[in-house]
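For ligands, and for the atoms within them, numbers begin at 1 and follow the listed sequence. All values derive from a computational prediction rather than experimental measurement.
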Amino acid sequence: MKINVDGEERKFRSVWFEKDEVVLIEQRNLPEKIEFYRAKNSDDIAYAIKHMVVRGAPAIGVTAAYGLALAKIKGENMEEAVEKIRKTRPTAYDLFKAIDFMKSSGFDIHAAERYSQEVSGRCKKIGEYGNVLIADGSKILTHCNAGALAVVDWGTALAPMRYAKESGKNIFVFVDETRPRLQGAKLTAWELEQEGIDHAIIADNAAGYFMKKGDVNLAIVGADRICANGDFANKIGTYEKAVLAKENGIPFYVAAPGTTFDFNLKTGDEIPIEERDQEEVLVVNGKKIGPENSKARNPAFDVTPNRYVSGYITEYGIFRPDQLGDLKRKVQSDLFMRTTTPTA
Ligand SMILES: CSC[C@H]1O[C@H](OP(=O)(O)O)[C@H](O)[C@@H]1O
(Lines give C-alpha, C1' and ligand atoms only; values in the text may rest on other atoms or scores of the structure.)
Protein backbone atom coordinates (compact mmCIF):
# COMPACT_ATOMS: atom_id res chain seq x y z
CA MET A 1 0.00 0.00 0.00
CA LYS A 2 1.30 3.47 -0.84
CA ILE A 3 0.46 6.91 0.47
CA ASN A 4 1.19 10.36 -0.89
CA VAL A 5 3.05 12.51 1.64
CA ASP A 6 3.47 16.17 0.58
CA GLY A 7 3.35 15.16 -3.08
CA GLU A 8 5.80 12.27 -2.68
CA GLU A 9 4.54 8.66 -3.01
CA ARG A 10 5.83 6.49 -0.18
CA LYS A 11 5.39 2.97 1.22
CA PHE A 12 2.53 3.05 3.73
CA ARG A 13 3.36 3.54 7.41
CA SER A 14 0.91 4.68 10.08
CA VAL A 15 3.61 6.43 12.12
CA TRP A 16 7.22 7.50 11.55
CA PHE A 17 9.96 9.85 12.85
CA GLU A 18 11.01 12.72 10.57
CA LYS A 19 13.55 15.39 11.51
CA ASP A 20 12.36 16.37 15.03
CA GLU A 21 8.72 15.34 14.70
CA VAL A 22 6.68 12.18 15.00
CA VAL A 23 4.42 12.03 11.96
CA LEU A 24 1.07 10.25 12.26
CA ILE A 25 -1.67 9.64 9.75
CA GLU A 26 -4.66 11.61 11.10
CA GLN A 27 -6.95 8.60 11.31
CA ARG A 28 -9.97 10.65 12.41
CA ASN A 29 -10.20 12.18 8.91
CA LEU A 30 -10.05 8.92 6.96
CA PRO A 31 -11.39 7.86 4.55
CA GLU A 32 -12.36 11.34 3.34
CA LYS A 33 -8.90 12.90 3.67
CA ILE A 34 -5.35 11.61 4.07
CA GLU A 35 -3.82 14.20 6.40
CA PHE A 36 -0.88 14.13 8.78
CA TYR A 37 -0.53 15.07 12.43
CA ARG A 38 2.98 16.24 13.32
CA ALA A 39 3.78 15.78 17.00
CA LYS A 40 6.54 18.06 18.33
CA ASN A 41 6.60 16.96 21.98
CA SER A 42 5.15 14.50 24.51
CA ASP A 43 2.03 16.65 24.95
CA ASP A 44 1.28 16.27 21.24
CA ILE A 45 1.90 12.52 21.49
CA ALA A 46 -0.35 12.11 24.53
CA TYR A 47 -3.09 14.09 22.78
CA ALA A 48 -2.79 11.94 19.65
CA ILE A 49 -3.14 8.67 21.56
CA LYS A 50 -5.91 9.86 23.91
CA HIS A 51 -8.02 11.39 21.13
CA MET A 52 -7.37 8.58 18.66
CA VAL A 53 -5.47 10.47 16.01
CA VAL A 54 -3.56 7.19 16.10
CA ARG A 55 -5.20 4.07 17.51
CA GLY A 56 -4.73 0.34 17.51
CA ALA A 57 -2.66 -1.43 20.16
CA PRO A 58 0.66 -1.89 18.31
CA ALA A 59 0.42 1.53 16.63
CA ILE A 60 -0.12 3.11 20.04
CA GLY A 61 3.01 1.32 21.27
CA VAL A 62 5.13 2.45 18.33
CA THR A 63 3.82 6.01 18.71
CA ALA A 64 4.71 5.98 22.40
CA ALA A 65 8.20 4.71 21.58
CA TYR A 66 8.86 7.45 19.03
CA GLY A 67 7.19 10.00 21.32
CA LEU A 68 9.53 9.21 24.20
CA ALA A 69 12.55 9.38 21.92
CA LEU A 70 11.30 12.77 20.72
CA ALA A 71 10.84 13.95 24.32
CA LYS A 72 14.43 12.92 25.10
CA ILE A 73 15.73 14.79 22.04
CA LYS A 74 13.74 17.87 23.07
CA GLY A 75 15.23 17.72 26.58
CA GLU A 76 11.94 17.14 28.34
CA ASN A 77 11.59 15.82 31.88
CA MET A 78 11.39 12.13 31.01
CA GLU A 79 9.49 11.05 34.11
CA GLU A 80 6.77 13.55 33.25
CA ALA A 81 6.79 12.52 29.58
CA VAL A 82 6.44 8.84 30.51
CA GLU A 83 3.52 9.48 32.88
CA LYS A 84 1.77 11.74 30.38
CA ILE A 85 1.85 8.98 27.75
CA ARG A 86 1.27 6.08 30.14
CA LYS A 87 -2.07 7.47 31.36
CA THR A 88 -3.56 8.07 27.90
CA ARG A 89 -5.36 4.72 27.39
CA PRO A 90 -5.46 1.83 29.91
CA THR A 91 -6.35 -1.28 27.90
CA ALA A 92 -3.82 -1.81 25.09
CA TYR A 93 -0.86 -3.69 26.59
CA ASP A 94 1.45 -2.66 23.75
CA LEU A 95 1.52 0.87 25.17
CA PHE A 96 3.08 -0.29 28.42
CA LYS A 97 5.38 -2.75 26.66
CA ALA A 98 6.72 0.07 24.47
CA ILE A 99 7.20 2.45 27.41
CA ASP A 100 9.23 -0.12 29.31
CA PHE A 101 11.23 -1.05 26.22
CA MET A 102 12.17 2.62 25.77
CA LYS A 103 12.96 3.10 29.48
CA SER A 104 15.34 0.13 29.34
CA SER A 105 16.91 1.54 26.15
CA GLY A 106 17.51 5.03 27.51
CA PHE A 107 14.80 6.55 25.27
CA ASP A 108 17.18 6.43 22.33
CA ILE A 109 15.70 7.12 18.88
CA HIS A 110 17.41 4.00 17.52
CA ALA A 111 15.54 1.94 20.12
CA ALA A 112 12.28 3.45 18.89
CA GLU A 113 13.19 2.63 15.30
CA ARG A 114 14.02 -0.92 16.38
CA TYR A 115 10.71 -1.23 18.23
CA SER A 116 8.82 -0.13 15.13
CA GLN A 117 10.76 -2.52 12.87
CA GLU A 118 10.24 -5.41 15.30
CA VAL A 119 6.47 -4.84 15.46
CA SER A 120 6.24 -4.53 11.68
CA GLY A 121 8.28 -7.68 11.07
CA ARG A 122 6.32 -9.65 13.64
CA CYS A 123 3.02 -8.67 12.03
CA LYS A 124 4.36 -9.78 8.65
CA LYS A 125 4.94 -13.19 10.26
CA ILE A 126 1.34 -13.11 11.54
CA GLY A 127 0.29 -12.67 7.93
CA GLU A 128 2.43 -15.60 6.82
CA TYR A 129 1.12 -17.95 9.50
CA GLY A 130 -2.47 -16.75 9.28
CA ASN A 131 -2.54 -17.22 5.51
CA VAL A 132 -2.77 -21.01 6.00
CA LEU A 133 -6.20 -20.52 7.58
CA ILE A 134 -7.53 -18.83 4.45
CA ALA A 135 -8.69 -20.79 1.43
CA ASP A 136 -9.44 -19.53 -2.06
CA GLY A 137 -13.02 -18.32 -1.74
CA SER A 138 -12.88 -17.70 2.03
CA LYS A 139 -15.47 -15.29 3.41
CA ILE A 140 -13.99 -13.65 6.46
CA LEU A 141 -15.60 -11.52 9.16
CA THR A 142 -13.51 -8.94 10.94
CA HIS A 143 -14.31 -6.33 13.60
CA CYS A 144 -12.95 -2.82 14.09
CA ASN A 145 -9.61 -2.03 12.42
CA ALA A 146 -6.70 -4.35 13.03
CA GLY A 147 -4.92 -3.34 9.85
CA ALA A 148 -1.86 -1.36 8.87
CA LEU A 149 -3.35 1.76 10.50
CA ALA A 150 -3.53 -0.10 13.83
CA VAL A 151 0.05 -1.34 13.60
CA VAL A 152 2.65 0.13 11.25
CA ASP A 153 2.16 -1.48 7.84
CA TRP A 154 1.02 -5.12 7.76
CA GLY A 155 -1.61 -5.06 10.53
CA THR A 156 -2.64 -8.03 12.63
CA ALA A 157 -6.08 -9.40 11.65
CA LEU A 158 -5.67 -7.95 8.15
CA ALA A 159 -2.14 -9.32 7.69
CA PRO A 160 -3.31 -12.86 6.77
CA MET A 161 -5.84 -11.34 4.38
CA ARG A 162 -3.08 -9.30 2.69
CA TYR A 163 -0.93 -12.42 2.43
CA ALA A 164 -3.84 -14.42 1.01
CA LYS A 165 -4.55 -11.74 -1.59
CA GLU A 166 -0.87 -11.57 -2.55
CA SER A 167 -0.80 -15.38 -2.90
CA GLY A 168 -3.63 -15.16 -5.42
CA LYS A 169 -6.56 -16.30 -3.30
CA ASN A 170 -9.98 -14.77 -3.88
CA ILE A 171 -11.35 -13.68 -0.53
CA PHE A 172 -14.31 -11.65 0.63
CA VAL A 173 -14.37 -9.69 3.87
CA PHE A 174 -17.41 -8.74 5.94
CA VAL A 175 -16.38 -5.54 7.70
CA ASP A 176 -18.28 -4.75 10.88
CA GLU A 177 -18.82 -0.99 10.85
CA THR A 178 -17.88 -0.98 14.58
CA ARG A 179 -19.89 1.65 16.37
CA PRO A 180 -19.38 4.14 17.88
CA ARG A 181 -16.09 5.25 16.27
CA LEU A 182 -16.68 3.25 13.07
CA GLN A 183 -13.10 2.00 12.70
CA GLY A 184 -14.40 -0.82 10.48
CA ALA A 185 -16.46 1.28 8.08
CA LYS A 186 -13.92 4.11 7.91
CA LEU A 187 -10.51 2.46 8.32
CA THR A 188 -10.69 -1.26 7.52
CA ALA A 189 -12.83 -0.61 4.45
CA TRP A 190 -10.36 2.08 3.33
CA GLU A 191 -7.41 -0.31 3.69
CA LEU A 192 -9.19 -3.13 1.83
CA GLU A 193 -10.19 -0.73 -0.94
CA GLN A 194 -6.58 0.44 -1.29
CA GLU A 195 -5.50 -3.21 -1.62
CA GLY A 196 -8.30 -4.24 -4.00
CA ILE A 197 -9.65 -6.80 -1.51
CA ASP A 198 -13.38 -7.42 -2.06
CA HIS A 199 -15.46 -6.56 0.97
CA ALA A 200 -18.76 -5.26 2.30
CA ILE A 201 -19.36 -2.99 5.27
CA ILE A 202 -22.13 -4.36 7.48
CA ALA A 203 -23.99 -2.98 10.46
CA ASP A 204 -22.61 -4.45 13.68
CA ASN A 205 -26.04 -5.97 14.23
CA ALA A 206 -25.94 -7.81 10.89
CA ALA A 207 -22.95 -10.08 11.66
CA GLY A 208 -25.14 -12.77 13.24
CA TYR A 209 -27.48 -12.72 10.26
CA PHE A 210 -24.64 -13.49 7.83
CA MET A 211 -23.07 -16.08 10.14
CA LYS A 212 -26.37 -17.94 10.58
CA LYS A 213 -26.96 -17.84 6.77
CA GLY A 214 -23.65 -19.63 6.24
CA ASP A 215 -22.12 -16.65 4.43
CA VAL A 216 -19.13 -16.46 6.80
CA ASN A 217 -16.60 -19.30 7.11
CA LEU A 218 -13.87 -17.62 9.17
CA ALA A 219 -13.53 -14.77 11.65
CA ILE A 220 -10.23 -12.98 12.42
CA VAL A 221 -9.99 -10.07 14.86
CA GLY A 222 -7.21 -8.11 16.55
CA ALA A 223 -6.64 -7.68 20.28
CA ASP A 224 -5.62 -5.05 22.76
CA ARG A 225 -4.58 -7.32 25.62
CA ILE A 226 -4.45 -11.11 25.85
CA CYS A 227 -4.16 -12.80 29.26
CA ALA A 228 -2.24 -15.89 30.27
CA ASN A 229 -5.33 -18.09 29.86
CA GLY A 230 -6.22 -16.61 26.46
CA ASP A 231 -9.11 -14.37 27.54
CA PHE A 232 -8.65 -11.18 25.52
CA ALA A 233 -9.82 -7.60 25.29
CA ASN A 234 -10.70 -6.14 21.94
CA LYS A 235 -13.01 -3.49 20.54
CA ILE A 236 -16.50 -3.47 22.04
CA GLY A 237 -18.70 -5.92 20.18
CA THR A 238 -15.99 -8.56 19.74
CA TYR A 239 -17.38 -10.75 22.53
CA GLU A 240 -20.80 -11.09 20.96
CA LYS A 241 -19.27 -11.89 17.54
CA ALA A 242 -17.19 -14.64 19.16
CA VAL A 243 -20.25 -16.15 20.83
CA LEU A 244 -22.16 -16.06 17.53
CA ALA A 245 -19.21 -17.64 15.70
CA LYS A 246 -19.16 -20.54 18.16
CA GLU A 247 -22.94 -20.89 17.94
CA ASN A 248 -22.63 -21.17 14.14
CA GLY A 249 -19.54 -23.41 14.06
CA ILE A 250 -17.31 -20.71 12.54
CA PRO A 251 -13.55 -20.75 13.40
CA PHE A 252 -12.71 -17.60 15.38
CA TYR A 253 -9.07 -16.44 15.47
CA VAL A 254 -7.28 -13.64 17.29
CA ALA A 255 -4.24 -12.10 15.59
CA ALA A 256 -1.67 -10.33 17.77
CA PRO A 257 2.10 -10.00 18.24
CA GLY A 258 3.84 -11.01 21.47
CA THR A 259 3.72 -7.38 22.63
CA THR A 260 -0.03 -7.74 23.19
CA PHE A 261 0.20 -10.73 25.54
CA ASP A 262 0.07 -9.85 29.23
CA PHE A 263 1.08 -13.05 31.02
CA ASN A 264 0.90 -11.20 34.34
CA LEU A 265 -2.89 -11.39 34.16
CA LYS A 266 -4.41 -14.81 34.79
CA THR A 267 -7.87 -14.09 33.35
CA GLY A 268 -9.73 -11.41 31.42
CA ASP A 269 -11.50 -10.22 34.59
CA GLU A 270 -8.29 -8.36 35.43
CA ILE A 271 -8.06 -6.34 32.19
CA PRO A 272 -8.70 -2.60 32.69
CA ILE A 273 -11.49 -1.57 30.30
CA GLU A 274 -11.42 1.99 29.02
CA GLU A 275 -14.72 3.88 29.15
CA ARG A 276 -14.73 6.79 26.75
CA ASP A 277 -16.76 9.98 26.51
CA GLN A 278 -20.52 9.43 26.09
CA GLU A 279 -20.53 11.95 23.20
CA GLU A 280 -18.91 9.30 20.99
CA VAL A 281 -22.18 7.34 21.28
CA LEU A 282 -24.60 10.27 21.34
CA VAL A 283 -23.25 12.27 18.39
CA VAL A 284 -23.13 10.93 14.80
CA ASN A 285 -21.62 13.11 12.04
CA GLY A 286 -21.87 16.10 14.34
CA LYS A 287 -25.57 15.58 15.07
CA LYS A 288 -26.89 14.43 18.43
CA ILE A 289 -29.06 11.30 18.34
CA GLY A 290 -31.63 10.53 21.02
CA PRO A 291 -33.44 12.81 23.46
CA GLU A 292 -31.65 15.90 24.79
CA ASN A 293 -31.30 14.59 28.32
CA SER A 294 -30.45 10.97 27.52
CA LYS A 295 -27.07 9.80 28.76
CA ALA A 296 -24.87 7.13 27.16
CA ARG A 297 -22.39 4.52 28.34
CA ASN A 298 -19.34 3.94 26.15
CA PRO A 299 -17.02 1.04 27.09
CA ALA A 300 -14.37 0.97 24.34
CA PHE A 301 -13.56 -2.73 24.77
CA ASP A 302 -15.02 -6.00 25.96
CA VAL A 303 -13.43 -9.26 27.06
CA THR A 304 -13.91 -12.55 25.21
CA PRO A 305 -13.32 -15.74 27.23
CA ASN A 306 -10.81 -18.20 25.76
CA ARG A 307 -13.52 -20.83 25.22
CA TYR A 308 -14.70 -18.88 22.17
CA VAL A 309 -11.24 -18.73 20.58
CA SER A 310 -10.11 -21.30 17.98
CA GLY A 311 -6.55 -19.99 18.05
CA TYR A 312 -4.12 -17.09 18.39
CA ILE A 313 -2.17 -16.11 15.26
CA THR A 314 1.22 -14.78 16.37
CA GLU A 315 4.73 -14.27 14.99
CA TYR A 316 5.64 -17.62 16.64
CA GLY A 317 2.87 -19.54 14.88
CA ILE A 318 -0.77 -20.38 15.63
CA PHE A 319 -1.63 -21.59 19.13
CA ARG A 320 -4.85 -23.05 20.56
CA PRO A 321 -5.91 -21.81 24.02
CA ASP A 322 -4.53 -25.02 25.59
CA GLN A 323 -1.13 -24.34 23.96
CA LEU A 324 -0.57 -20.90 25.49
CA GLY A 325 2.00 -22.33 27.89
CA ASP A 326 4.17 -23.09 24.85
CA LEU A 327 3.59 -19.59 23.54
CA LYS A 328 4.52 -18.07 26.89
CA ARG A 329 7.82 -19.96 26.85
CA LYS A 330 8.58 -18.68 23.34
CA VAL A 331 7.74 -15.09 24.26
CA GLN A 332 9.81 -15.23 27.44
CA SER A 333 12.82 -16.67 25.62
CA ASP A 334 12.58 -13.96 22.93
CA LEU A 335 15.27 -11.38 23.70
CA PHE A 336 13.23 -8.48 22.33
CA MET A 337 10.27 -9.45 24.55
CA ARG A 338 12.40 -10.01 27.64
CA THR A 339 13.47 -6.37 27.82
CA THR A 340 11.11 -5.74 30.70
CA THR A 341 7.77 -6.83 32.10
CA PRO A 342 5.56 -3.73 31.99
CA THR A 343 3.72 -2.68 35.10
CA ALA A 344 0.22 -1.81 33.93
C1 LIG B 1 -4.15 -4.41 16.01
S2 LIG B 1 -4.80 -3.80 17.47
C3 LIG B 1 -6.25 -3.10 16.91
C4 LIG B 1 -7.28 -3.03 17.98
O5 LIG B 1 -7.30 -1.72 18.57
C6 LIG B 1 -8.59 -1.18 18.35
O7 LIG B 1 -9.02 -0.33 19.38
P8 LIG B 1 -8.89 1.28 19.18
O9 LIG B 1 -9.30 1.57 17.76
O10 LIG B 1 -9.84 1.83 20.23
O11 LIG B 1 -7.44 1.60 19.48
C12 LIG B 1 -9.45 -2.40 18.26
O13 LIG B 1 -9.66 -2.99 19.52
C14 LIG B 1 -8.61 -3.26 17.38
O15 LIG B 1 -8.94 -4.61 17.31
Side-chain angles (χ1 to χ4, degrees), residues 14-15 24-28 30 48-64 88-98 116 119-120 122-127 130 140-162 173 175-191 204 219-226 232-242 252-262 268 271-277 280-281 298-304 309 312-315:
S14 60
V15 47
L24 303 167
I25 291 182
E26 170 52 276
Q27 299 193 26
R28 298 176 297 184
L30 286 171
I49 296 172
K50 175 76 183 160
H51 296 281
M52 298 173 70
V53 170
V54 59
R55 29 63 50 203
I60 289 171
V62 173
T63 300
T88 50
R89 298 188 73 189
T91 305
Y93 193 55
D94 296 66
L95 170 62
F96 307 103
K97 195 77 183 170
S116 177
V119 166
S120 173
R122 289 160 186 270
C123 290
K124 186 166 190 267
K125 292 293 288 178
I126 287 173
I140 308 162
L141 177 84
T142 195
H143 191 69
C144 197
N145 171 253
L149 288 164
V151 183
V152 175
D153 41 18
W154 276 90
T156 56
L158 265 57
M161 300 179 210
R162 286 191 158 95
V173 185
V175 179
D176 285 346
E177 62 177 345
T178 317
R179 278 270 299 156
R181 294 289 298 244
L182 300 175
Q183 290 94 323
K186 290 171 172 268
L187 305 180
T188 295
W190 179 78
E191 289 196 37
D204 294 319
I220 309 178
V221 300
D224 291 82
R225 195 181 297 223
I226 305 171
F232 74 100
N234 195 51
K235 185 52 51 194
I236 193 76
T238 302
Y239 167 56
E240 60 192 45
K241 305 303 183 289
F252 186 92
Y253 285 87
V254 184
T259 50
T260 307
F261 285 82
D262 181 358
I271 301 177
I273 297 297
E274 176 186 15
E275 179 132 9
R276 293 185 64 89
D277 191 310
E280 292 183 353
V281 174
N298 184 17
F301 302 98
D302 57 25
V303 175
T304 300
V309 179
Y312 306 85
I313 311 169
T314 75
E315 65 271 42

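When Q27, K235, H143 are checked for heavy-atom proximity to atom 8 (P) of ligand 1, K235 turns out nearest. Nearest to atom 14 (C) of ligand 1 by heavy atom, out of T188, I49, N234, is N234.
Between the S120 side chain and the S116 main chain, no donor and acceptor come within less than 3.5 Å of each other. A donor-acceptor pair is defined here as one N or O able to donate and one able to accept, closer than 3.5 Å; such a pair exists between the side chain of T188 and the backbone of C144. Formation of a donor-acceptor pair under 3.5 Å by the E26 side chain with backbone atoms of R28 is found in this model. Remark: the backbone N or O of W154 is paired with a side-chain donor or acceptor of R162 at under 3.5 angstrom. Looking at Q27, its side chain does come within 3.5 Å of a backbone N or O of L149 through a donor-acceptor pair. Using modelled atom types, one side-chain atom of D204 and one backbone atom of T178 make a donor-acceptor pair closer than 3.5 Å. Of the possible donor and acceptor atoms, one in the side chain of E191 sits under 3.5 Å from a partner among the backbone N and O of A148.
Applying the 4.0 Å criterion to heavy atoms of P58 picks out, from ligand 1, the atoms 1 (C), 2 (S). Of all atoms in ligand 1, listed by their number and element, those nearer than 4.0 Å to a heavy atom of A150 are 1 (C), 3 (C). Short contacts between ligand 1 and Q183, defined as distances under 4.0 Å to a heavy atom of the residue, involve ligand atoms 8 (P), 9 (O), 10 (O). Within ligand 1, the atoms closer than 4.0 Å to a non-hydrogen atom of R89 are 8 (P), 10 (O), 11 (O), numbered from 1 in the order shown. Taking every non-hydrogen atom of A57 and a distance limit under 4.0 Å, the qualifying atoms of ligand 1 come out as 2 (S), 3 (C), 5 (O).
Atom-to-atom distance recorded for I313:CD1 and T156:OG1 is 9.0 Å, nearest 0.5 angstrom. Here the CD atom belonging to E315 is positioned 14.0 Å from the NZ atom belonging to K124, to the nearest 0.5 angstrom.
At least one heavy atom of M52 sits closer than 4.0 Å to an atom of ligand 1. Residue contacts with ligand 1: A300 is excluded, as none of its non-hydrogen atoms falls under 4.0 Å. Distances shorter than 4.0 angstrom occur between a heavy atom of N145 and an atom of ligand 1. Using 4.0 Å as the threshold, T156 has a heavy atom nearer than that to some atom of ligand 1. Look at R181 and you'll find every heavy atom at least 4.0 Å from all atoms of ligand 1.
The protein heavy atom nearest to atom 6 (C) of ligand 1 is R55 NH2, 3.7 Å. The protein heavy atom nearest to atom 11 (O) of ligand 1 is G56 N, 2.8 Å. The nearest protein atom to atom 12 (C) of ligand 1, hydrogens excluded, is given as C144 SG, 3.4 Å; this is a heavy-atom distance. With respect to atom 4 (C) of ligand 1, the closest heavy atom belonging to the protein is D224 OD1, 3.5 Å.
The N/O atoms of I60, backbone and side chain alike, include none that comes under 3.5 Å of an N/O atom in ligand 1.
For A223, every heavy-atom contact with ligand 1 shorter than 4.0 Å involves the backbone, none the side chain.
By the side-chain contact (heavy atoms from CB on, under 4.5 Å) test, E274 pairs with R89, P90, T91, R276, A300, F301, sequence neighbours left out. Residues that satisfy the side-chain contact (heavy atoms from CB on, under 4.5 Å) test with A256, not counting sequence neighbours, are A223, I226, T260, F261.
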